[in-house]
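Right, one structure below, let's go through it.
Reminder, nothing fancy here: chain letters follow the sequence lines and each chain counts from 1. Just so it is clear, the values below take in all heavy atoms, side chains as well, and ignore hydrogens, waters and symmetry mates. What you see is a predicted model; the values in this text were computed from it and never measured.
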Amino acid sequence: MTPTMDLYQRLLEHFGPQKWWPAETRFEMMVGAILTQNVNWNNVETAIDNLKKEGCLTPMSIWEIEKAHLEELIRPTGFYRQKAARLKRLSRCVLENGGVDHFLRQENLRDALLEIKGIGPETADSIALYAGDRPIFVVDAYTMRIVKRAFGFEGSYDDVQDYFQNTVPTDIEIYKEFHALLVRLGKENCSKRSPVCDGCPVNPLCLLRKPSASIF
DNA sequence: GGCCAGGTGTAAA
DNA sequence: TTTACACATGGC
């Protein structure tokens, strides 16, 4: 049992399955991945609702809608001018590649996503994993913070991604659930300044403590 | 009022 | 290769 899988087991036992990604369609998932960039998911839900009411959750509708109108619909997610442009670029790329299913089926999906301006490593990996069903481990700010505090591991995005991909079985369902659980833990126990899981010297509730020293 | 949120692109050191 | 900054709204 690797330390990462040990953590996975304890997170799963404590929080239960998170069933990510929360979206009705693959394209909605892709839109959500861009909208959630550096923003609370609550804000994203508001924007997704706005898009749904406008019937604007298809590549064609996003490509065709007036930019200013799109900006208003996604305003709650912040950075709305940038994100509107990113959604339009993504939609155009999807349309040029034969639609959502065909786009997601292409060989080097991750690289194709990274070529789209406004889609960086985390967004590309999220889409590749949750919409494209590729065995790629998603790294986000919570993941970085948690591996540093739990395992003393620090590194670049690629370093941390390798760290997980080398210690977790190559299993899409585990990858999906693990990332969701890390976000859950991050939100509840690993805020930026909260000392709750910072080495866990005292707090008996911290999930990052070793089992022997934990109430779990 | 200040901090934080499921990042990314650009420019400068 | 790393660091700083702009991008912007909403919850606590």
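One C1' atom belongs to dA4(C), the other to dG6(B), and the distance between them is 23 Å to the nearest Å. Taking atom P in both dC3(B) and dA6(C), the straight-line distance is 16 Å, to the nearest Å.
Side-chain atoms of K117(A) and base atoms of dG9(B) include no donor and acceptor less than 3.5 Å apart.
Closest contact between the side chain of P76(A) and the listed nucleotides dA5(B), dG6(B), dG10(C) involves dG10(C). Side-chain proximity of T36(A) to the nucleotides dT8(B), dG6(B), dT9(C) is greatest for dG6(B).
The shortest distance between the side-chain N/O atoms of R75(A) and the OP1/OP2 oxygens of dC7(C) is not below 4.0 Å. The phosphate of dG6(B) has OP1 or OP2 within less than 4.0 Å of a side-chain N or O from Y142(A). Between R81(A) and dC7(C) there is no side-chain polar atom (N or O) within less than 4.0 angstrom of OP1 or OP2. Remark: T123(A) is in phosphate contact with dT8(B), judged by side-chain N or O atoms under 4.0 Å from OP1 or OP2. Taking 4.0 angstrom as the limit, Y80(A) places a side-chain polar atom (N or O) nearer than this to OP1 or OP2 of dT9(C).
Nearest-nucleotide positions on DNA chain C for N43(A) and S156(A) put S156(A) closer to the 5' end. Mapping I116(A) and W21(A) onto DNA chain B by nearest heavy atom places W21(A) at the nucleotide closer to the 5' end.
K52(A) and E28(A) are joined by a salt bridge, as a carboxylate oxygen and a charged side-chain nitrogen come within less than 4.0 angstrom of each other. Between R26(A) and D133(A) a salt bridge is recorded (basic side-chain N to carboxylate O distance below 4.0 Å). Remark: E71(A) does not engage K83(A) in a salt bridge, criterion side-chain N to carboxylate O under 4.0 Å.
Residue L182(A) is classed as having no contact, given no heavy-atom separation below 4.0 Å to the nucleic acid.
As rounded to whole Å, 11 Å separates atom C1' of dG6(B) from atom CD1 of I146(A). Distance D140(A) CG to dT8(B) C1': 15 Å, rounded to the nearest Å. Spacing between atom CD of E122(A) and atom P of dA5(B) amounts to 12 Å, rounded to whole angstrom units. The interatomic distance linking Y157(A) (OH) with dT2(C) (C1') rounds to 19 Å, in whole Å. Rounded to whole Å, atom C1' of dG7(B) lies 14 Å from atom CG of N40(A). Between the CG atom of L73(A) and the P atom of dT9(C) there is a distance of 15 Å, given to the nearest Å. Computed from coordinates, the I74(A) CD1 to dA8(C) P distance equals 10 Å when rounded to whole Å. Computed from coordinates, the N50(A) CG to dT9(C) P distance equals 14 Å when rounded to whole Å.
Heavy atoms from other residues, nucleotides or ligands lying under 6.0 Å from NZ of K88(A) number more than 12.
Exactly one of F164(A), Y142(A), W20(A) qualifies for a ring-ring contact (aromatic ring centres under 6.0 Å, His included) with F178(A). That residue is F164(A).
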